[in-house]
Amino acid sequence: ILFLWPCCICTMKIFSFSCHVLTNHIWFRATDGSKWSFLEHKGPVMAAPYEPLPSNVRFFYDGKQMKLSPEAEEVATFFAKMLDHEYTTKDTFRKNFFKDWRKEMASEEKSKITDLKKCNFNEMGEYFKAQSEARKAMTKDDKLKIKVENERLLQEYGFCIMDNHKERIANFRIEPPGLFRGRGDHPKMGMLKRRIRPEDIIINCSKGSKHPKPPPGTKWKEVRHDNKVTWLVSWTENIQGAIKYIMLNPSSRIKGEKDWQKYETARNLKKCVERLRNQYREDWKSKEMRIRQRAVALYFIDKLALRAGNEKEEGESADTVGCCSLRVEHINLYPEKDGQDFVVEFDFLGKDSIRYYNKVPVEKRVFKNLQLFMENKQPEDDLFDRLNTSILNKHLQELMDGLTAKVFRTYNASITLQQQLKELTTDENLPAKILSYNRANRAVAILCNHQRAQPKTFEKSMQNLQTKIDAKKDQLSDAKRDVKSAKADLKVRRDEKFKKLEEQLMKLEVQATDREENKQIALGTSKLNYLDPRISVAWCKKWGIPIEKIYNKTQREKFAWAIDMAEDDYEF
DNA sequence: CAGTGTACTTAGGATTCGGTTA
DNA sequence: TAACCGAATCCTAAGTACACTG
């Protein structure tokens with residue numbers, strides 16, 4: 001059966017080279033590794049050129065006013081814009097910034113400005129604050145003008161043609177220069193992210209397409225025609241030396257098909273996960289250390305949905321780990337704790353320096369193995385010294401086609417959503433069902449450790465909600481009193497009003513519960529990246545819930561394929 | 001098998017939008 | 001009409017995975 005890819009831009013369906021054979025999807029695409037046959041686009045939107053500050057905005061060094069060269073001034077404004085941010089108080093940030101700033105200074109500046117503490121950026125900071133206030137206070141008309149201009153830019157640069165279809169581009173703007181903001185304890189925070197010039201940019205498009213033009217008087221680094229990749233534009237960033245790309249929006253066919261494929265791989269894992277589990281349980285007993293380590297690591301990845309944990313170059317980024325890169329210092333073993341046997345306590349920083357803290361009872365064999373792995377090791381030694389992600393993935397590839405460590409996260413997330421929805425959904429009113437959905441989603445977010453900082457406005461917003469609830473309760477008790485004293489002929493209408501109020505109250509209370517439970521949990525990441533959207537679509541169909549209650553516009557665009565495909569009986 | 005480079009997905013915080021309330 | 005607030009969107013960093021090389 002041919003599947004027609006639903007296009008959210010032109011409402012036509014794109015012919016997709018995918019088909020169903022029973023429950024298996026076979027991709028005919030990419031037998032030769034090509035990702036497209038035609039690609040045409042307008043290239044990136046370059047960052048706006050630097051506009052020097054007006055002369056009344058002054059910089060002071062050691063109490064004395066100093067006029068900076070445009071180059072030094074630009075970098076100074078990057079710092080000035082961040083004055084209120086915690087970053088600027090951090091030693092590493094200040095040190096890196098100052099070092100890179102000095103590189104941009106003219107020689108007289110360099111010899112004068114030798115101490116960051118003596119730099120006074122306050123007028124610059126105030127100036128930018130005033131500017132943003134002014135922007136907020138603009139007239140409706142001026143705001144509209146900006147909006148129109150943004151829309152024009154989007155229409156001109158925000159789309160490309162790929163294989164006969166107009167597709168939305170995700171990030172069509174070149175990242176502007178600024179100060180690098182790493183996450184966690186990043187050794188490079190504060191370094192200068194330099195301005196990207198056309199000469200740094202590689203364009204990728206069809207040979208036979210209209211090539212994007214570089215800005216007048218400039219040249220691209222290269223125009224290439226590589227249809228084995230999906231990116232339209234790339235450049236190398238100066239902080240880590242990593243390559244940055246401009247790619248298509250998640251609503252595009254090329255991203256959507258890949259997403260679909262990801263979930264199909266996870267469903268394949270579902271079919272053989274029991275076999276794999278038996279296998280790694282057996283491997284806990286292996287004579288070979290490397291196999292035991294592999295098996296225990298896989299157990300963690302499966303049970304706890306840990307990330308694979310690639311090796312990282314020391315000193316290049318924050319010290320974070322995943323499963324294979326766990327160190328002895330990241331776990332504690334308790335033969336008995338809080339009435340449970342064989343408890344492993346995890347405490348480490350994962351991706352984005354988000355803390356993972358968990359106490360889990362494990363099987364005795366796992367526990368004994370961990371003791372063995374930790375024998376005669378220092379805290380900073382690798383827990384799995386005979387293992388890395390490459391070894392693990394090679395093993396997984398042998399167990400199932402397309403299997404890698406990250407598939408377990410997708411599989412466990414999706415299966416958890418499906419189970420939780422089954423368990424939690426009751427035949428109640430709509431808000432209660434939505435709460436059940438969010439709770440199922442939350443179970444996944446907790447499993448995947450998707451945390452967020454408690455919003456600064458959290459307490460206040462809870463208070464506001466409580467005020468609304470109290471007001472509604474008052475209305476309701478008033479209404480109740482009315483019902484008692486009502487004459488018979490008015491009773492029906494009063495009852496209706498009464499019912500409506502109760503509904504409104506319940507809705508508010510559900511909202512409050514949801515918000516409270518969600519205080520430090522981020523649902524978006526799992527919803528967007530780990531949960532097979534067809535589970536949600538089927539759930540909506542089954543319970544008669546409009547899809548808009550679950551997915552906003554952008555999400556509906558991203559998951560158009562699933563909305564188009566899944567019926568109420570879909571099973572992950 | 002280590003080291004390097006590339007391409008792509010996943011991630012939380014910052015910023016902006018747009019509707020509501022004071 | 002400004003202030004406020006939650007949701008949506010933007011931004012880009014930080015992961016995973018794998019090919020290639022020697």
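Small disclaimer: the values here were computed from a predicted structure and weren't measured. Atom set for the values below is all heavy atoms of this structure, side chains included, hydrogens, waters and symmetry mates excluded.
- Between the side chain of A:K406 and the base of B:dT9 there is no donor-acceptor pair of N/O atoms closer than 3.5 Å.
- Between A:H85 and B:dA14 there is a side-chain polar atom (N or O) within less than 4.0 angstrom of OP1 or OP2.
- Residues forming a salt bridge (Lys or Arg N to Asp or Glu O under 4.0 Å) with A:K351 (at least two apart in sequence, or on another chain): none.
- By the 30° and 60° cut-offs, the orientation of the rings of A:F559 relative to A:Y551 is tilted.
- Atom pair A:N171:CG and C:dA13:P shows a separation of 12 Å (rounding to whole Å applied).
- Taking the nucleotide of DNA chain B with the nearest heavy atom to each of A:A522 and A:I243, the more 5' of the two is matched to A:I243.
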- Query: Yes or no on side chain to side chain donor-acceptor pair (under 3.5 Å) for A:Y280 and A:D302, after CA distance, side-chain angles and deciding distance?
  - Reply: CA-CA 10 Å; A:Y280 67 62; A:D302 182 23; 2.7 Å; yes
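- Residue-level contact check: A:R307 touches the backbone only, with heavy atoms under 4.0 Å from sugar-phosphate atoms and none from bases.
- Here B:dG13 presents its C1' atom at 12 Å from CE of A:M82, a figure rounded to the nearest Å.
- One atom, CD1 of A:I239, and another, P of C:dT12, lie 12 Å apart when rounded to the nearest Å.
- Note on A:G524: nothing from the nucleic acid sits closer than 4.0 angstrom, heavy atoms only.
- Between the C1' atom of B:dA14 and the CD atom of A:E86 lies a distance of 15 Å, rounded to the nearest Å.
- No contact: A:G322 has no heavy atom under 4.0 Å from any strand.
- Using a cut-off of 4.0 Å between Lys/Arg side-chain N and Asp/Glu carboxylate O, A:R183 and A:D352 are scored as salt-bridged.
- If you find the closest nucleotide of DNA chain B to A:K351 and to A:V229, the one lying nearer the 5' end belongs to A:V229.
- Look at A:K244 and you'll find a side-chain N or O under 4.0 angstrom from OP1 or OP2 of C:dA13.
- The distance from atom NZ of A:K558 to atom C1' of C:dT9 is 14 Å, rounded to the nearest whole Å.
- For the pair A:H186 NE2 and B:dG13 C1', the computed distance is 16 Å after rounding to whole Å.
- One can place NZ of A:K228 at 14 Å from C1' of C:dA19, the figure rounded to the nearest angstrom.
- One atom, OH of A:Y245, and another, P of B:dT10, lie 16 Å apart when rounded to the nearest Å.
- Here A:K553 does not reach the OP1 or OP2 of C:dA7: none of its side-chain N or O atoms lies under 4.0 Å away.
- Relative ring orientation between A:H330 and A:F348 is described as perpendicular, the plane-to-plane angle rising above 60° on a 0-90° scale split at 30° and 60°.
- Using a 4.0 Å heavy-atom criterion, one finds that A:R135 contacts no nucleic acid atom at all.
- Nucleic acid contact for A:A405: sugar-phosphate only, since backbone atoms but no base atoms lie under 4.0 Å from a heavy atom of the residue.
- Among the protein residues, A:K312 comes within range of the sugar-phosphate backbone only, with heavy atoms under 4.0 Å from sugar or phosphate atoms but none that close to a base.
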